[in-house]
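To keep things clear, I will list the structure first and then write my remarks on it.
Worth knowing before you read on, the calculation uses all heavy atoms, side chains too, and leaves out hydrogens, waters and symmetry mates. Keep in mind the model is a prediction, meaning the values are calculated, not measured.
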Amino acid sequence: LTEFMAKTLQAVRGMNDILPAETSAWQYLEDTLRDVVHAYGYSEIRLPLLEKTELFKRSIGEVTDIVEKEMYTFDDRNGDSLTLRPEGTASCVRACLQHGLLHNQVQRLWYMGPMFRHERPQKGRYRQFHQVGVESFGMPGPDIDAEMIFMTARMWERLGLAGASLQINSLGTQAARANYRNALVDYLQAHADALDEDSTRRLSSNPLRILDSKNPAMQELIAAAPRLPDYLDEESAEHFAGFCALLDAAGINYEINPRLVRGLDYYSKTVFEWVTDQLGAQGTICAGGRYDGLVEYLGGTATPAFGFALGLERLLALLMSADAKLPANEPHIYMVVSGAAATERGLVLADELRDAVPGLRLQVNCSGGSFKSQFKRADRSGADFALVIGDEEVVQKTAVLKPLRNKADQETVTHSVLAERVGNLLSGKLDG
């Protein structure tokens with residue numbers, strides 16, 4: 001059995017268990033982000049993990065790294081090709097079209113959950129990873145672009161994260177992007193001898209992604225390449241200027257990065273990334289932009305859209321590195337019980353306390369044990385207090401409150417005032 005477990009009973013590489021000691025940090029992060037998106041009037045949509053493969057091929061682009069190399073794709077028993085979702089935007093658009101959510105109306109939507117990409121696992125990058133995605137539909141102006149940036153800035157503020165910097169760019173309309181693509185290809189073909197293998201492959205399929213190359217030998221060539229902002233059409237230039245003006249008015253610092261292109265084919269006009277130098281090479285913690293052509297490309301009516309996604313694993317890594325003060329998940333009180341009557345009354349009293357003291361985390365000792373062993377469990381639980389009930393206390397309708405984290409005296413409290421006393425002792429520590 002041991003050999004079998006060592007070889008077989010292991011999580012799939014890059015797909016990690018989130019253990020109880022970690023989940024309180026996850027819950028804190030998820031709750032904080034949820035509060036922020038709700039504050040901006042966004043509604044949650046829940047999407048399936050599996051979609052038809054063609055959805056991602058068409059929306060993301062067949063010659064992107066995600067579709068070519070990273071998707072988990074298989075044929076089901078009906079012979080249909082299905083894929084574990086590598087990102088959420090395509091699924092969100094599919095759901096909106098399927099259920100008529102975009103017909104003569106605007107939508108502000110968000111979702112949270114796991115995504116899947118088969119890539120080399122490393123710090124902050126896993127094969128099953130978790131994202132929060134935020135999408136808006138039906139609003140063409142730069143004000144919704146700016147509001148999304150305001151929202152992300154508020155997230156960092158609420159989480160107490162410093163050091164993230166904002167990079168922005170405009171890809172222009174599809175026509176402007178096509179003109180730029182032609183100029184870029186001409187330039188790169190003239191320097192074909194300097195291209196690495198990956199860039200040579202992308203030259204004919206997705207040349208803008210060459211600008212994202214991290215190969216040091218390519219940086220001089222990339223720096224001298226035509227600049228996308230020089231090819232913007234008037235509409236895109238006005239949109240981008242309006243977007244920048246709104247950021248300026250809000251006092252949000254940013255850098256215009258003309259090499260920022262994003263990896264997915266559906267982007268147009270505004271794109272952005274929040275980046276940090278605290279996570280090594282994988283420095284992007286949140287990214288997105290405008291994708292006005294995607295809804296029509298998937299069969300709907302032309303619909304302006306803007307969205308972003310952020311990676312929860314990377315945000316958690318930042319929180320840990322910043323020694324952020326995270327909420328505890330240990331019980332406030334551990335109930336020690338001794339005797340049949342105490343066991344019976346203790347379970348009922350515990351529920352009465354949970355009803356009377358909002359946010360109270362109370363753990364009852366179950367399956368017996370001596371006082372000594374129960375107090376050891378109480379100490380290991382991390383609780384602030386032990387609440388002790390024996391058969392004698394049941395008769396007297398009392399309980400003993402014993403501090404576990406300091407040397408203060410224990411006290412005997414009657415059941416009638418126990419909830420009030422517990423609330424006072426734990427003032428400032430309760431979740432409710």
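- Remark: Arg345 engages Glu352 in a salt bridge, criterion side-chain N to carboxylate O under 4.0 Å.
- Judged purely by distance below 3.5 Å, without hydrogens or angles, the side chains of Tyr334 and Asn365 pair a donor atom with an acceptor atom.
- At distances below 3.5 Å, not a single donor-acceptor pair connects side-chain atoms of Thr200 with backbone N or O atoms of Asp198.
- In this structure, Arg117 is not positioned above the aromatic face of Tyr72 in the sense of NZ or CZ being under 6.0 Å from the six-membered ring centre and within 45° of the axis.
- Annotation: side chain of Leu426 is in contact with side chain of Phe385 (closest heavy-atom distance under 4.5 Å).
- In this structure, Ser24 contributes its side chain and Asn329 its backbone to no donor-acceptor pair below 3.5 Å.
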Please assess Asp384 against Lys429 for the test salt bridge (Lys or Arg N to Asp or Glu O under 4.0 Å), listing each intermediate value before the final yes or no.
CA-CA 10 Å; Asp384 295 297; Lys429 292 190 174 183; 3.0 Å; yes
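- Here the side chain of Arg158 pairs no donor or acceptor atom with the backbone of Leu33 at under 3.5 angstrom.
- Side-chain atoms of Glu296 and Thr301, non-hydrogen and from C-beta on, never get closer than 4.5 Å to each other.
- In this structure, Phe74 CZ and Leu82 CG are separated by 5.0 Å, a value rounded to the nearest 0.5 Å.
- Taking each heavy atom of Tyr126 and Gly14 in turn, the nearest pair found is CB-O, 3.3 Å.
- Among the candidates Ile144, Leu109, Val106, Asp145, the single residue satisfying the side-chain contact (heavy atoms from CB on, under 4.5 Å) test with Ser136 is Ile144.
- Within 6.0 Å of CD in Glu344 there are 12 or fewer heavy atoms belonging to other residues, nucleotides or ligands.
- The distance from the CG atom of Leu19 to the CG atom of Asn16 is 9.5 Å, given to the nearest 0.5 Å.
- In this structure, Leu195 CG and Gln189 CD are separated by 9.5 Å, a value rounded to the nearest 0.5 Å.
- Judged by distance alone, the side chains of Glu273 and Thr284 do bring a donor and an acceptor atom under 3.5 Å apart.
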Got a list of side-chain donor-acceptor pairs under 3.5 Å for residues 35-46, not counting sequence neighbours?
| residue | atom | partner | partner atom | Å |
| --- | --- | --- | --- | --- |
| His38 | NE2 | Trp110 | NE1 | 3.3 |
| Tyr40 | OH | Arg154 | NE | 3.0 |
| Tyr42 | OH | Glu147 | OE1 | 3.1 |
| Glu44 | OE1 | Arg46 | NH2 | 3.4 |
| Glu44 | OE2 | Arg46 | NE | 3.0 |

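- In this structure, Gln105 contributes its side chain and Gly100 its backbone to a donor-acceptor pair below 3.5 Å.
- Proximity of a side-chain donor or acceptor of Arg259 to a complementary backbone N or O of Leu228 within less than 3.5 Å is not detected.
- Residues forming a ring-ring contact (aromatic ring centres under 6.0 Å, His included) with His130 (at least two apart in sequence, or on another chain): Trp26.
- Under a 3.5 Å cut-off, the side chain of Tyr180 and the backbone N or O of Pro226 do form a donor-acceptor pair.
- With hydrogens and angles ignored, the 3.5 Å screen pairs no side-chain donor or acceptor of Ser236 with any backbone N or O of Asp233.
- Between the side chain of Gln167 and the backbone N or O of Ile256 there is no donor-acceptor pair closer than 3.5 Å.
- Atom CD of Glu119 and atom CE of Met71 lie 13.5 Å apart (nearest 0.5 Å).
- Within 6.0 Å of the CG atom in Asp75, the count of heavy atoms belonging to other residues, nucleotides or ligands exceeds 12.
- At a threshold of 4.5 Å between non-hydrogen side-chain atoms, the residues Cys244 and Leu247 do not count as touching.
- Residues Arg405 and Asp379 are paired through a salt bridge, judged by an N-O separation under 4.0 Å between the basic side chain and the carboxylate.
- In this model, a donor atom of one side chain and an acceptor atom of the other lie less than 3.5 Å apart for Thr89 and Glu135.
- Side-chain contact of Asn169 with Asn257: a donor-acceptor pair under 3.5 Å is absent, judged by distance alone.
- Pairing each heavy atom of Asn253 with each of Leu166, the nearest pair is O-CB, 3.7 Å.
- Asp292 is listed as a side-chain neighbour of Ser268, based on a closest heavy-atom distance under 4.5 Å.
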Do Tyr254 and Asp248 pass the side chain to side chain donor-acceptor pair (under 3.5 Å) test, and can you show the C-alpha distance, the side-chain angles, and the key distance before you say yes or no?
CA-CA 9 Å; Tyr254 59 87; Asp248 291 337; 3.0 Å; yes
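- For the 3.5 Å distance criterion, the side chains of Ser199 and Ser213 fail to qualify, holding no donor opposite an acceptor.
- At a threshold of 4.5 Å between non-hydrogen side-chain atoms, the residues Gln363 and Arg377 do not count as touching.
- For residues 149-175, the ring pair (Phe, Tyr, Trp, His ring centres under 6.0 Å) pairs, not counting sequence neighbours, are Trp156-Trp274.
- A donor-acceptor pair is defined here as one N or O able to donate and one able to accept, closer than 3.5 Å; such a pair exists between the side chain of Arg85 and the backbone of Leu47.
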Please report the C-alpha distance between Leu312 and Leu29 in whole Å, then the side-chain angles of each, then the deciding distance to 0.1 Å, and finally whether the side chain to side chain contact (heavy atoms under 4.5 Å, CB included) criterion is met.
CA-CA 8 Å; Leu312 298 188; Leu29 176 59; 3.9 Å; yes
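- The number of heavy atoms from other shown groups lying within 6.0 Å of CD (Glu197) does not exceed 12.
- The closest side-chain heavy-atom distance from Leu208 to Leu184 is below 4.5 Å.
- Without hydrogens or angle criteria, Asn78 side chain to Asp80 main chain gives no donor-acceptor distance under 3.5 Å.
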Walk me through it: do Thr73 and Thr83 pass the test side chain to side chain donor-acceptor pair (under 3.5 Å)?
CA-CA 4 Å; Thr73 298; Thr83 295; 2.8 Å; yes
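- Across all their heavy atoms, Ala342 and Val337 have their closest contact at O-CG1, 3.9 Å.
- Ion pairing of Glu51 with Arg94 is present here, as a side-chain N (NZ or NE/NH1/NH2) and a carboxylate O approach within less than 4.0 Å.
- Between the NE2 atom of His191 and the CG atom of Leu203 there is a distance of 12.5 Å, given to the nearest 0.5 Å.
- Taking the charged nitrogens against the carboxylate oxygens, Arg127 and Glu70 have no contact shorter than 4.0 Å, which rules out a salt bridge.
- A 4.5 Å side-chain heavy-atom check between Phe272 and Ile149 finds at least one atom pair inside the cut-off.
- A distance of 11.0 Å separates CE in Met139 from CZ in Phe306, rounded to the nearest 0.5 Å.
- For the pair Thr276 and Ser165, the minimum side-chain heavy-atom distance is 4.5 Å or more.
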